[in-house]
Amino acid sequence: MSYIENKLQIAISQAIQFLYQIENIEIILQPTRKEFKGSHTFVTFNLAKNLQKNPELVGNEIGNYLLQNYADLVTGIQIVKGFLNFKIANKIWLQLFTDVQNKENFAQNPTKNMRVMVEYPSPNTNKPLHLGHLRNIFLGDSVSRILAADGYEVIKANLVNDRGIHICKSMLAYQKFGQNETPQSANIKGDHLIGKYYVAFEKHLRIELEPFMAKIDNKDFTDFSAEHQPKIKALTEQIEKFKDNRKEEKKYNDAKSGLKQIVQNYTPLMREAQEMLQKWEKNDENTKQLWTKMNGWVYEGFDETYKNLGVTFDKFYYESDTYLLGKNIVEEGLQKGVFYQKEDKSVWIDLVKEKLDHKLVLRGDGTSVYVTQDLGTADLKYKDFKIQKSVYVIGDEQEYHCQVLFKTLEKLERPYAKGLYHLSYGMIELPEGRMKSRDGNVIDADDMIVEMKKVAQLKCEEFGHIKDYSDVEKEKLYGQIGLGAVKYYLLKLDPKKKIIFKPEESVEFVGDAAPFIQYNHARTCSIMRKANELKIDFSANSYQNYEHLHEAEQNLLELLLSLPTQIAEAATAYSPAVLAQYSYEIAKSYSKFFTECSIFQAETEHAKSFRIALSSFTQKTLKKSLALLGIEAPQKM
RNA sequence: GGUUUCAUAGCUCAGUUGGAUAGAGCAACUGCCUUCUAAGCAGUAGGUCAUUGGUUCGAAUCCAAUUGGAAUCACCA
């Protein structure tokens, strides 16, 4: 809570106690809308109702009490219906401004003595990163920074999905068609090379699928096992039934993908992939060698991308190490009576009361399912770091899974269970539908960055503010602007909203966009360069007698002072969007100030010094709030 | 079918625990560069907050129903 808010609340309580003899009521203040005078507003409707008085009268009485008894705090009031607006003394604003400038670390909230792990983006190692991963990475990275600024100790963890049938698909395709190609020999990034073979696998799979599907079309089910035949028949009937029915398109698609799921396991390719997975699990030497080699290439590619994106991790977990974890927890759950066993030995948890149904936690043959290993990994994380909170940055398609996981851990009475949070975000789709790596219709992360850098270069050349920059400096700047634009575009939206990405028009460089914010940062730097050149004193003493803040100055100052509140709000909501909006508000506010108030031709020396000090602090605040989004702030652009 | 979630300007989105005349950006139109960076500033126009009902001093916000969209409901991960 801010200093002024606190003071005002005490003053208003005092007024209410004196005027109406009521004690201990909560005073809620809200920011004054900009079309009215003042900065803080107290709404009197509720109080007036309790007193059975006119809200406007109550506002008048309280307002006048403050004017008389707290003249050094409140210098003006305005009452509109039940809204009591306060104008706070100029001196207080200036004092706060001076205080915050002298503060060692103005953007660091006090420590909470709590450790939190943020897990992202946890990619599969069978394909390069795409735009969806970028949203995940930027969210995870920014939330980590925000939590750290709000006083948490943060551990950034990446749980790499490095094993499983999908990995074997790439491996198999490479083995069959790769001809010992390497990233060096093909001259492409390792992750892109592997992705190429993942797509190749799917392509060949589709070809192998055709004869099976043709037979099914002819109602010939003899290829399939006795167990599968009735299922296939039923699905075929459903497909027939919903075929030209637009309303049942969903069911049609469900049936189709269900059919494909069963049938594709009959193809030689899928059988080979399954065999490969079994070999891998039995530690077959050749398989492991190939796996190590190919994953190595992928990691090299990922590392390069992470570096280009400006993100780092504190801890890598690998699923190949963790996929067998969790079985001991199943045993424990059975003993505690949290789980139950069916006749076929499979183990389940009853989450019907939580509206999550019955859920399998271990197969009848004793092998793990998805949740099993996630239970184990959760324990491992706690064992490794003693974390009180844990944030999982995962797409909204896994909401149900996360609910099951968290609820299960709660029932197992894990000490960390209450601190689990699923930071869920909406999928990014293209105008023609969902991105699918296996079909190759994705916006590649590396391509995206290169594209945006090009756009940044074009704009920079157009404006021509950096003619004195060396080629290296220019390259760096293009990267900062291009990458900043993408990060801001993905972070300014509410995470839970789905994005339909239109390549031609999506990422903005003007208006509510990172370059505009960066541009205003560059402007503040330009002012500072000139102020230093002219050796102008803008220390606290130099503007102490500055009496009347211009409206633009006042608005900007109020915004700048709210940084700690904004950080706390963003951290509580796990929402970088709060800070994206805040950065934009500052940039807009500074831009207005910049055009309305002349700095070096200011009316008085006090005004000049104050405006330079204000520019200086705007620079720091913008830089910090952009940094919390993972966006760099150039000195010139 | 069950559960969850979403619907705000032509487009993309903000909108705090219910508060003042619902706000930005883009696109359109009008002004403003001899002066600190015009990636800008000022202005005009654009709204049945999906629909209906309820709760109350007051509803985009809370509740119910309806309509339309999305996700999910695998012994896949």
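Reminder, nothing fancy here: chain letters follow the sequence lines and each chain counts from 1.
Taking only side-chain atoms of A:Arg163, from C-beta outward, the nucleotide of B:rA77, B:rA20, B:rA71 with the closest atom is B:rA77. Which of B:rG19, B:rC75, B:rC57 sits closest to the side chain of A:Gln30 comes down to B:rG19. When the nucleotides B:rA24, B:rA39, B:rC75 are ranked by their closest atom to the side chain of A:Tyr584, B:rA24 comes out on top. Picking from B:rA39, B:rA20, B:rA71 the nucleotide with the shortest atom distance to the side chain of A:Glu397 gives B:rA71. When distances run from any side-chain atom of A:Pro31 to the nucleotides B:rA77, B:rA20, B:rU16, the shortest one goes to B:rU16. With B:rC57, B:rA20, B:rA39 as the candidates, the nucleotide lying closest to the side chain of A:Asn46 is B:rC57.
Taking 3.5 Å as the limit, the base of B:rA20 and the side chain of A:Thr41 contain a donor-acceptor pair of atoms between them. At a cut-off of 3.5 angstrom, the base of B:rA74 holds no donor-acceptor pair with the side chain of A:Asp254. For A:Asp344 against B:rC75, a side-chain N or O and a base N or O form a donor-acceptor pair under 3.5 Å.
Here the options are A:Tyr543, A:Phe538, A:Phe593, the test is ring-ring contact (aromatic ring centres under 6.0 Å, His included), and the partner is A:Phe610; only A:Tyr543 passes.
Remark on RNA chain B: of its neighbouring residues A:Lys588 and A:Leu356, the 5'-side contact belongs to A:Leu356, judged by nearest-heavy-atom nucleotide. If you find the closest nucleotide of RNA chain B to A:Ile527 and to A:Gln581, the one lying nearer the 5' end belongs to A:Gln581.
B:rU21 and B:rC26 are spaced 25 Å apart, taking the C1' atom of each and rounding to whole Å. The same atom, P, is picked in B:rG47 and in B:rG69; the two are 26 Å apart, to the nearest Å. Taking the P atom of each, B:rG25 and B:rG58 are spaced 34 Å apart, rounded to whole Å. One C1' atom belongs to B:rG46, the other to B:rU8, and the distance between them is 14 Å to the nearest Å. Distance check on atom C1': B:rU48 versus B:rU44 gives 24 Å, rounded to whole Å. Rounded to a whole angstrom, the distance from the C1' atom of B:rU5 to that of B:rA50 is 16 Å. Rounded to a whole angstrom, the distance from the P atom of B:rA22 to that of B:rA27 is 26 Å. Rounded to a whole angstrom, the distance from the P atom of B:rC62 to that of B:rU4 is 15 Å.
B:rC33 has its base syn relative to the sugar, with a glycosidic angle deviating from 0 by at most 90°.
Look at A:Glu56 and A:Lys81 and you find no salt bridge, because none of the NZ, NE, NH1 or NH2 atoms lies under 4.0 Å from a carboxylate O. Taking the charged nitrogens against the carboxylate oxygens, A:Lys34 and A:Glu558 have no contact shorter than 4.0 Å, which rules out a salt bridge.
The aromatic ring of A:Phe83 stacks onto the base of B:rA20, its centre lying under 5.5 Å from the centre of the six-membered base ring with the two planes under 30° apart. Residue A:Phe36 and nucleotide B:rA20 are classified as a stacked aromatic pair, their ring centres being separated by less than 5.5 Å at an interplanar angle below 30°.
As judged by a 4.0 angstrom heavy-atom cut-off over every strand, A:Gln261 is placed among the base-contacting residues.
Between A:Arg135 and A:Phe501, every side-chain heavy-atom pair lies at or beyond the 4.5 Å cut-off.
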Exercise. Could you walk me through whether A:Glu533 and A:Lys530 pass the salt bridge (charged side-chain N to carboxylate O under 4.0 Å, His left out) check?
Worked result: CA-CA 5 Å; A:Glu533 225 171 79; A:Lys530 186 160 177 184; over 6 Å; no

